[in-house]
Amino acid sequence: MLVRNGERTYLEAPAKAEPADDVVTRDYYTQLPQIRLTGNPTDPPMQPETPTIVTLDGNDVARLVECAIRHPTPNMRYAVLAAIWSHPDSFRQIFQFGLNAPPGLPEIRKIVAEELDKCSPRPEFPVLNRVEPAAETLLPRMPLPAHLRDRGTG
């Protein structure tokens, strides 16, 4: 994490992210979840006397993740994906959303259908339509044996 104002650098250290206390709005109706970022300096002499804290609310995090997902460098996108892949409940939620995407999101529905089609097993031999006889059969139709020919007319 790099915290800078103009030419002055306040903090240059790995960021430590952790849940922060929720903030209650003025009308006491809504609690806003927050994430606290603090510098986690690896070099003890470089630690400032007062820790630098950055607090992000849900909207900030949404903009941050959206920026990372759309980032032109693949490593930034993979960082977001790796965080999701390593959290099974989040992955399950996204997977279920994709499978049950609302009709208003046709792009997602199309992507899911294409990916499911890619990984669905292909039969080695196509199944013949049981309603209509196959146009081409491998063997000619065999006549009924003699003892069964006369059963229909009795």
Side-chain angles (χ1 to χ4, degrees), residues 1-139 141:
M1 174 167 74
L2 178 63
V3 179
R4 193 180 251 177
N5 185 359
E7 293 297 318
R8 183 170 179 202
T9 299
Y10 289 101
L11 175 68
E12 184 173 356
K16 177 182 174 188
E18 57 191 356
D21 293 335
D22 292 352
V23 172
V24 179
T25 57
R26 283 191 227 163
D27 60 3
Y28 300 102
Y29 185 70
T30 307
Q31 288 186 343
L32 303 173
Q34 295 186 328
I35 292 177
R36 179 184 311 113
L37 294 177
T38 54
N40 194 10
T42 54
D43 189 12
M46 296 294 289
Q47 289 184 355
E49 304 92 32
T50 308
T52 302
I53 298 173
V54 177
T55 304
L56 306 172
D57 67 11
N59 293 329
D60 297 329
V61 172
R63 287 188 293 270
L64 184 70
V65 171
E66 183 179 3
C67 177
I69 288 174
R70 297 175 190 271
H71 200 279
T73 304
N75 287 351
M76 188 64 75
R77 294 190 299 267
Y78 292 143
V80 174
L81 294 173
I84 293 168
W85 291 333
S86 64
H87 191 258
D89 287 336
S90 296
F91 182 78
R92 180 180 295 113
Q93 265 188 299
I94 292 171
F95 189 69
Q96 287 173 340
F97 178 81
L99 290 174
N100 302 312
L105 299 171
E107 290 176 15
I108 291 176
R109 294 171 70 93
K110 181 181 176 193
I111 290 168
V112 170
E114 288 172 355
E115 292 302 318
L116 287 174
D117 191 42
K118 284 182 196 174
C119 65
S120 62
R122 300 279 183 223
E124 188 175 337
F125 301 104
V127 177
L128 299 177
N129 188 344
R130 299 201 192 293
V131 177
E132 298 175 13
E136 296 178 22
T137 58
L138 295 176
L139 297 172
R141 188 169 175 92

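These numbers come from the heavy atoms of this one structure, side chains and all, not from hydrogens, waters or symmetry mates. None of the values given here were measured: they were computed from a predicted structure.
Taken to the nearest 0.5 Å, the CG atom of Leu64 stands 6.5 Å off from the CG atom of Leu56. Between atom CD1 of residue Ile94 and atom CG of residue Leu81 there is a gap of 8.5 Å, rounded to the nearest 0.5 Å. Here the OG1 atom belonging to Thr73 is positioned 11.5 Å from the OH atom belonging to Tyr78, to the nearest 0.5 angstrom. Taken from CD in Glu18 to CZ in Arg36, the straight-line distance is 5.0 Å, to the nearest 0.5 Å. One finds the CZ atom of Arg70 at 15.0 Å from the CE atom of Met76 (value rounded to the nearest 0.5 Å). Interatomic distance, Phe95 CZ to Gln93 CD, rounded to the nearest 0.5 Å: 13.5 Å.
Nearest heavy-atom pair, Pro102 versus Arg109, reported as atom, atom and distance to 0.1 Å: O-CD, 3.4 Å. The two residues Ala17 and Ile35 come nearest to each other via the heavy atoms CB-CG2, 4.3 Å. Listed here is the closest heavy atom pair of Val80 and Ala68: CG2-CB, 3.5 Å. The two atoms that bring Gln34 and Asp22 nearest to each other are N-OD1, 4.1 Å, heavy atoms only.
Not one N or O on the side chain of Thr30 forms a donor-acceptor pair closer than 3.5 Å with the backbone of Thr25.
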For this session: Could you walk me through whether Leu116 and Val112 pass the side-chain contact (heavy atoms from CB on, under 4.5 Å) test, one step at a time?
Result: CA-CA 6 Å; Leu116 287 174; Val112 170; 3.8 Å; yes
Exercise. Does the pair Asp57 and Val23 meet the rule for a side-chain contact (heavy atoms from CB on, under 4.5 Å), with working shown?
Worked result: CA-CA 9 Å; Asp57 67 11; Val23 172; over 6 Å; no
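Residues in residues 86-97 take part in these salt bridge (charged side-chain N to carboxylate O under 4.0 Å, His left out) pairs, two or more places apart or across chains: Asp89-Arg92.
Lys110 and Glu107 are not joined by a salt bridge, as no carboxylate oxygen comes within less than 4.0 angstrom of a charged side-chain nitrogen.
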